[in-house]
Amino acid sequence: MSSTALPFPDRIELTGEGLVLRDWTEADLAAMPDLFDHPDIAYWTPIVSPFDEAAARARLDRDRQLRAEGTAVLLAITVDGGAPLGEVMLRRAPEGTELGYAVGPAHRGQGLAARAVRVMAAYAFEQLGVERVILELEAENAASVAVATGAGFSLLDVPLIKGEEKGRSYALQTWGRNLP
């Protein structure tokens, strides 16, 4: 964490756009495999696969560690503060304040990711004082491109981020949205 970055609060609950973004809890561990153990999530994200209860425990522990370090916040996407339908992330990185998301297969097609990204972007602008938030995604991931455009992001004219993960090469585009 940079010396100018404020620590994240111990608890965060954000509301807007018909959603409640809330902290993950121990009670969510059993629901996490149904959300994250899916070929699409395994392919397009760094989330481990297969994703079982042990992976859920490790993710919750890592979430808490990253929050304590001031590096990242991972919140459950819900409509009412109850059952998690997916996740939205905010990460402080050298290249900027990055947002990410994953929605469980049973909950797709409802605009959850775009709405959660807009709510999290508003938090970054209003509470953290950032001037730009970014998304890093593969051009071939049509669903994520739709989320980016639906959440008001534009493709930035910056070099692709190339790498390899889970045995496959990738090239990420950077999309940005500036402080309104």
Side-chain angles (χ1 to χ4, degrees), residues 1-2 5-95 97-117 119-121 123-124 127-128 133-138 141 143-144 147 161 163-168 170 172:
M1 178 172 82
S2 76
L6 298 172
F8 292 116
D10 290 337
R11 298 201 39 79
I12 298 176
E13 183 173 286
L14 308 176
T15 58
E17 304 224 12
L19 299 177
V20 177
L21 308 180
R22 62 160 176 82
D23 294 317
W24 287 103
T25 68
E26 303 287 325
D28 296 321
L29 289 172
M32 291 171 83
D34 285 341
L35 298 175
F36 300 132
D37 191 37
H38 188 270
D40 286 351
I41 291 175
Y43 187 82
W44 295 115
T45 77
I47 294 174
V48 300
S49 177
F51 195 96
D52 56 15
E53 287 192 37
R57 165 52 60 198
R59 189 160 182 84
L60 183 60
D61 291 346
R62 181 77 174 134
D63 166 33
R64 291 173 175 167
Q65 177 186 353
L66 292 170
R67 167 112 35 124
E69 293 170 357
T71 303
V73 171
L74 294 97
L75 299 176
I77 300 170
T78 76
V79 293
D80 57 6
L85 310 175
E87 174 177 87
V88 64
M89 172 209 68
L90 179 146
R91 181 176 71 96
R92 291 174 170 145
E95 56 275 11
T97 301
E98 178 188 1
L99 304 183
Y101 45 85
V103 172
H107 310 293
R108 294 182 184 160
Q110 303 173 46
L112 295 170
R115 290 187 284 151
V117 166
V119 171
M120 190 67 103
Y123 172 75
Q127 300 300 315
L128 304 180
V133 291
I134 61 172
L135 299 171
E136 295 173 347
L137 52 100
E138 294 180 66
N141 187 343
S144 279
V147 168
I161 301 164
E164 186 174 315
E165 190 163 47
K166 298 182 187 175
R168 75 174 190 94
Y170 63 82
L172 301 175

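Predicted model, so just to flag it, every value in this text is computed and none were measured. We number each residue from 1, following the sequence as shown.
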* Counting only heavy atoms not in R168, do more than 12 sit closer than 6.0 Å to its CZ atom? ->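 Yes, CZ of R168 has more than 12 neighbouring heavy atoms, counting only those of other groups under 6.0 Å.
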* More than 12 heavy atoms of other groups within 6.0 Å of D80 CG ->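 Above 12, so yes.
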Side chains of [X] and [Y]: closer than 4.5 Å at any heavy-atom pair?
| X | Y | answer |
| --- | --- | --- |
| R115 | V119 | no |
| R92 | F8 | yes |
| E87 | T45 | no |
| Q110 | V103 | no |
| D23 | L75 | yes |
| D40 | R108 | yes |
| Y123 | L21 | no |
| D37 | D52 | no |

Atom [atom1] in [X], atom [atom2] in [Y]: separation rounded to 0.5 Å?
| X | Y | atom1 | atom2 | answer |
| --- | --- | --- | --- | --- |
| I161 | L137 | CD1 | CG | 9.5 Å |
| L135 | Y101 | CG | OH | 5.5 Å |
| I41 | L35 | CD1 | CG | 7.5 Å |
| L29 | R57 | CG | CZ | 5.0 Å |
| L99 | I134 | CG | CD1 | 8.5 Å |
| M120 | L74 | CE | CG | 7.5 Å |

* Check against salt bridge (charged side-chain N to carboxylate O under 4.0 Å, His left out), R59 and D63 -> CA-CA 6 Å; R59 189 160 182 84; D63 166 33; over 6 Å; no
[X] to [Y] - nearest heavy-atom pair and separation:
| X | Y | value |
| --- | --- | --- |
| V20 | T15 | CG2-CG2, 4.0 Å |
| P50 | A55 | O-CB, 4.4 Å |
| A124 | L90 | CB-CD1, 3.7 Å |
| G86 | W24 | O-CZ2, 3.5 Å |
| F36 | A102 | CE2-CB, 3.9 Å |

* Check the pair L172 / E138 against side-chain contact (heavy atoms from CB on, under 4.5 Å), numbers first and verdict last. => CA-CA 5 Å; L172 301 175; E138 294 180 66; 3.6 Å; yes
Between [X] (side chain) and [Y] (backbone), is there a donor-acceptor pair under 3.5 Å?
| X | Y | result |
| --- | --- | --- |
| R22 | G82 | yes |
| D28 | T25 | yes |
| R67 | D10 | yes |

* To do: State, without any angle test, whether S49 and Y43 hold a side-chain donor-acceptor pair at a distance under 3.5 Å.
  =>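 No.
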* To do: Could you please spell out the steps behind the side-chain contact (heavy atoms from CB on, under 4.5 Å) verdict for T78 and L19?
  => CA-CA 6 Å; T78 76; L19 299 177; over 6 Å; no
